[in-house]
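Heads up: the structure comes next, in structure tokens.
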2 protein chains.
Amino acid sequence: MNVGQVAALAGVTVRTLHHYDRIGLLSPSGRTTAGYRRYAPSDLDRLHQVLVYRELGFPLEEVATLLDDPAADPAEHLRRQHRLLLDRMERTRAMVAAVEKEMEARHMGISLTPEERFELFGDWLPEEYEAEAEERWGDTEAWAQSQRRTRSYTKEDWVRIKAEGEDVERRFTEALRSGVPADSERAMDVAEEHRQQISRNFYDCPPEMHAGLGRMYVEDERFTAHYEQIAPGLAQYVSTAVQANAARQGG
Amino acid sequence: MNVGQVAALAGVTVRTLHHYDRIGLLSPSGRTTAGYRRYAPSDLDRLHQVLVYRELGFPLEEVATLLDDPAADPAEHLRRQHRLLLDRMERTRAMVAAVEKEMEARHMGISLTPEERFELFGDWLPEEYEAEAEERWGDTEAWAQSQRRTRSYTKEDWVRIKAEGEDVERRFTEALRSGVPADSERAMDVAEEHRQQISRNFYDCPPEMHAGLGRMYVEDERFTAHYEQIAPGLAQYVSTAVQANAARQGG
DNA sequence: TGCACAGCCTGACGTCGCGTCAGGGTCAAG
DNA sequence: CTTGACCCTGACGCGACGTCAGGCTGTGCA
């Protein structure tokens, strides 16, 4: 195969293949008399490995050493790639969760701290941080207030949305107080309205995601506190109702 | 906050913040009399957005236009980031599946075509490809043979592993022929041995992953053909047994 | 009070992984 | 035998920083 064909097959440019040849990462196993690069099947195998490692963020030089390691059989590469991909999955899942948390925080008018927001970036060393935090950045409450002030809301929208939210919370509280079980139809109906309210006012929130929020209400103290402040036991109640409703929707 | 503090918090280098200042992507809202950069809370918010978009692969200039768009409120950024992260999840999931497929192909001695391997890279246009494939790359069987020949196995290991695999397949076939249900204990036990064999000889294969392989046996004609060639109905039988065994393990 | 040392500043050059010409040879179809 | 698609080798450019160099600032402690 010629460069152009390989490039088309692999989804890279010809220039990329030239580059890989130049730096010795992937040299075609043959040339025509005219100097055309000719790629053999084994070259394609190697190119594939290169692209996977590249996608995983390895610098090309390191890819070369990995692939040129005579003690590494193909299965080892596959295992490593598999492991790294699972790592990426986990990282992405965590980022999705973080974005959803932020969305929900906005929804509830809670302000996350900068530390929480940056938690996913860099190799976070909590113990190193904890001690220095106060000294370095002083009064955290001032920060939080500042955060709150700098948020940009259209006043009237905010008022309406807030009223809607409080209405749902009030109905949850009533249900809780009158002893209606959290997985009852009544509670689930309020949960469903909660979900639709989020979808209308903030972001598309399918049942599965709503269930994730429900879990967060009991797992994250910030959100737990918001509900517990309204009525003791409300966090767990809302959490259960929301998850039950999601299960009902799911089938 | 000074640059160093912001850098530590966000997990980037000071140089990166200098760079973002220089290109106008993120200029601190203040300076001390000595010229020190002073970052306000709102600067941190922006930095966070920058890092998320950067992580998602946006060039910095585009990040700037996104963030400077006056018509885009914070919620819109969150929604976009959420969508893009879900896309990435899906892509990663597909790559994991591809690697697992490749591992299993090796396990069974099946050779995937280069097209299959590259399927995930570049925006794959199958219809454009289909027609030209034969003309451009000729006899696919020759390719496949070549692939097979270029694989590097230690002969004796390969013989042993192959014998083990055939043993399990034989026991599956016997179970099928004697009318034992695929979700019976006997069939599941063979499935479990199948799983452990993979784990020993090829790659760590937890029950969940094994279940994924089971699904592939009926969904991918290449693997279906392998089993159907041994005995009609074996592909579905193995698939069911493997998934039943995974369910048994899982709880 | 002085000074050591961590932290900040602004150039300026280097690196990595290519993109993008420029200038010129090759090959299959018509 | 020409036309147009495809190939070659430089060579320069670019994005997103890394990495000094040379010099100013801020602070803990002797």
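To find a chain, count down the sequence lines: A is the first, B the second, and so on, and within it residues start at 1.
In summary, the side chains of A:R46 and A:Y39 do not present any donor paired with an acceptor at a separation below 3.5 Å, with no hydrogens or angles considered. Between the side chains of A:Q49 and A:Q81, at least one donor-acceptor pair of N or O atoms lies under 3.5 Å.
Judged by distance alone, the side chain of B:D43 and the main-chain N or O of B:S29 form a donor-acceptor pair under 3.5 Å.
Partners of B:T16 under the side chain to side chain donor-acceptor pair (under 3.5 Å) rule, at least two apart in sequence or in another chain, are B:T13. B:D21 is linked by a side chain to side chain donor-acceptor pair (under 3.5 Å) to B:S27, B:R31, B:R37, counting only residues two or more places apart in sequence or in another chain. The side chain to side chain contact (heavy atoms under 4.5 Å, CB included) search around B:V14 returns B:V3, B:A7, B:H18, not counting sequence neighbours.
OP1 or OP2 of D:dT9 lies within a sub-4.0 Å distance of a side-chain N or O belonging to A:R37. Contact between the side-chain N/O atoms of B:H18 and the OP1/OP2 oxygens of D:dC17 is not found at any separation under 4.0 Å.
Of all heavy-atom pairs between B:F118 and A:L44, the closest is CZ-O, 3.5 Å.
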Tell me, for nucleotides 15-20 of chain C in 5' to 3' order, what letter each nucleotide earns: B for a base near a protein heavy atom under 4.0 Å, S for only sugar-phosphate near one, - for neither? --BBBB
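Against DNA chain D, the stretch residues 24-35 of chain B makes heavy-atom approaches under 4.0 Å through B:A34.
Going from atom CZ of B:R38 over to atom P of C:dC8 covers 10 Å, rounded to whole Å. A:D21 places its CG atom 13 Å from the C1' atom of D:dC7, with the value rounded to the nearest Å. Put simply, OH on A:Y39 is 7 Å from P on D:dC8, counting in whole angstrom units.
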Report all side-chain donor-acceptor pairs from residues 58-65 of chain A shorter than 3.5 Å, counting only partners two or more places apart or in another chain.
residue, atom, partner, partner atom, Å
A:T65, OG1, A:E62, O, 2.8

